[in-house]
Amino acid sequence: MESGMIAVDRWTEGSQLYFLTHLHADHTRGLSSTWARGPIFCSRITAKLFPFRFPDFNLSLLRVVEVGSWHTLSLVSLATGSPAVAEVMAIDAHHCPGSVMFLFRGEFGYLLYTGDFRWEITSEMANIGRSMLLNALNGSKVDVLYLDNTYCNPTYCFPSREVAAQQVIDIITSNPEHDIIIGIDTLGKEDLLLHISHVLKIKIWVWPERLRTMHLLGLPDIFTTKTSLTRIRAVPRYSFSIDTLKGLNAMRPTLGIMPSGLPWVMKPLEGEKSPSCSTFSDTFESRSKWPPNDGNRVDQNMRCVERFHQYIYSVPYSDHSCFPEIKEFVRLVQPLNMKGIVSLSSCYVDPVYYLSHLIRSNQPSHTTYSNLKREDVGKVKVKRESKMANSKA
DNA sequence: GCGATCAGCT
DNA sequence: CACAGCTGATCGC
């Protein structure tokens, strides 16, 4: 596609149309309330949350793209200067509320930009997205897949969010006398909190701004800002530390739960013992439903709950796809070429490195690191400059 | 003084 | 290490 026409999650000057996959801060860096570079296309939920995040934003620049139907885009061809038409379809990305993938079609062919996404093969919602995607493609091939490669490495393997949510429930019910704090961000993991509330018939404390977000999302009235009403609190992840938990435990017995796809949560403090990480099943054997105790051996790579600290559990609840899910998605889409959208990670890999057998054309000249030998690509560590998960087309 | 950007931290 | 994001310092207007 010609450069300078369409930008996704990228906010530098020089594009005609801008697209926002979801409202997490690492995808909005460069966006501000004073934005005037052009229209921004996003999902209805993202549009709803937008003014809360960017209070004085000129809302006439927002364009809602409904999920599941083609939306016509008016562009100017950079090559000829004449009007050009393209279309876009938003498809639910199941990453956080409002998150979508964008499928573009035009004279440039088909481009699919996943944004951050979770592709839970067993989930009913993913099946809807699957048929939506296949119907939209109608047999055509995706020319370039821009892929959420956050966990694009075979070492990343974790259960569905449904299973991980049950692990959280098990921790809470196994510790009836404990207060529980759960680390979350400004957006995302609402389903986990709703599930806990529903199963345990208990309200969930959130901080005031987060309560506003819950209301904007139209979620059930199970959230509160009164600490006296519940022993379960969802707190900002940045406020979540071993020291915080120690402080809380000086008052009342309190356990912290970190829902995360990462195999580690935080660096153990100097002199701290124990991050040898006993697994949840070591501690709570028979009560735990995970790993399943059905006589079969659990995949050694499948992460389970880890006790990182006397007071802290890490639960593999992830809003990004794990490696087998990414693989399944690429197999479904069968792109001609693909590029990772996350370029900063200690284990950053070009998705082509592990998944080249699933794309239709895997000539080295098409890969991001065409100058490297294939064996070297997986070891590339990208420089800090491109932390933004983005792409320009 | 304000917004934008960056350093540092979790 | 950093899924995402806060705070505070600094730069430029």
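Source: prediction; values computed, not measured. Sequence lines set the chain letters: A, B, ... in the order given, protein chains first and strands last, and positions in each chain run from 1.
In the model, A/T21 has a side-chain atom that pairs as donor or acceptor with a side-chain atom of A/D9 under 3.5 Å.
Here the C1' atom of nucleotide C/dC3 and the CD atom of A/E325 are 15 Å apart, to the nearest Å. In this structure, A/I182 atom CD1 and C/dC3 atom C1' are separated by 17 Å, rounded to whole Å. If you measure from atom CG of A/L23 to atom P of C/dG5, you get 9 Å, rounded to the nearest angstrom. The CZ-C1' distance, from A/F240 to C/dT7, rounds to 20 Å in whole Å. Between A/D319 atom CG and C/dC3 atom P there is a gap of 13 Å when expressed in whole angstrom units. The separation between A/E190 atom CD and C/dA4 atom C1' is 14 Å, rounded to whole Å. In this structure, the CG atom of A/N149 is 11 Å from the P atom of C/dC3, given to the nearest Å. Rounded to an integer number of Å, the gap from CZ of A/R29 to P of B/dA7 is 12 Å.
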Legend entry - Test side chain to side chain contact (heavy atoms under 4.5 Å, CB included) applied to A/F41 and A/L73, step by step: CA-CA 10 Å; A/F41 294 78; A/L73 305 170; 3.7 Å; yes
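Screening A/H24, A/H94, A/H27 for a side-chain hydrogen bond (donor to acceptor under 3.5 Å, both in side chains) with A/D116, the sole residue that qualifies is A/H27.
At the phosphate of C/dG5, OP1 or OP2 sits under 4.0 Å from a side-chain N or O atom of A/T186. Remark: A/H320 is not in phosphate contact with C/dC3, judged by side-chain N or O atoms under 4.0 Å from OP1 or OP2. Phosphate proximity of C/dC3 to A/H95: absent, as no side-chain N or O sits under 4.0 Å from OP1 or OP2.
Judged by distance alone with a 3.5 Å cut-off, no donor-acceptor contact links the side chain of A/R237 to the base of C/dC6. Scanning atom types as modelled, no donor and acceptor separated by under 3.5 angstrom connect the side chain of A/T150 and the base of C/dC3.
Ring centroids of A/Y113 and A/F102 are separated by 6.0 Å or more, keeping the two rings apart.
Of the candidate nucleotides C/dC6, B/dT10, C/dA4, C/dC6 has the atom nearest to the side chain of A/Y238. Closest contact between the side chain of A/D26 and the listed nucleotides C/dC3, C/dA4, C/dC6 involves C/dA4.
By the neighbour-count criterion of 12 heavy atoms within 6.0 Å, atom CD of A/E66 is densely surrounded, having more than that number from other residues, nucleotides or ligands.
Here, B/dT5 and C/dC3 have their C1' atoms 23 Å apart, quoted to the whole Å.
Using cut-offs of 30° and 60° on the angle between ring planes, the pair A/W35 and A/Y18 is perpendicular.
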Residues 319-326 of chain A side chain polar contacts: donor-acceptor under 3.5 Å, at least two apart:
from   : atom 1 : to     : atom 2 : distance (Å)
A/D319 : OD1    : A/R161 : NH1    : 2.8
A/H320 : ND1    : A/D148 : OD2    : 2.8
A/H320 : ND1    : A/T150 : OG1    : 3.3
A/S321 : OG     : A/F117 : O      : 2.9
A/S321 : OG     : A/W119 : N      : 2.9
A/E325 : OE1    : A/R118 : NE     : 2.8
A/E325 : OE1    : A/C322 : N      : 3.1
A/E325 : OE2    : A/R118 : NE     : 3.4
A/E325 : OE2    : A/R118 : NH2    : 3.0

Under-3.5 Å N/O pairs linking protein and nucleotides 1-5 of chain B:
from  : atom 1 : to    : atom 2 : distance (Å)
B/dA4 : OP1    : A/S32 : OG     : 3.2
B/dA4 : OP1    : A/T34 : OG1    : 3.0

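Comparing A/P236 and A/K189 by the nucleotide of DNA chain C that holds the closest heavy atom to each, the one mapping nearer the 5' end is A/K189.
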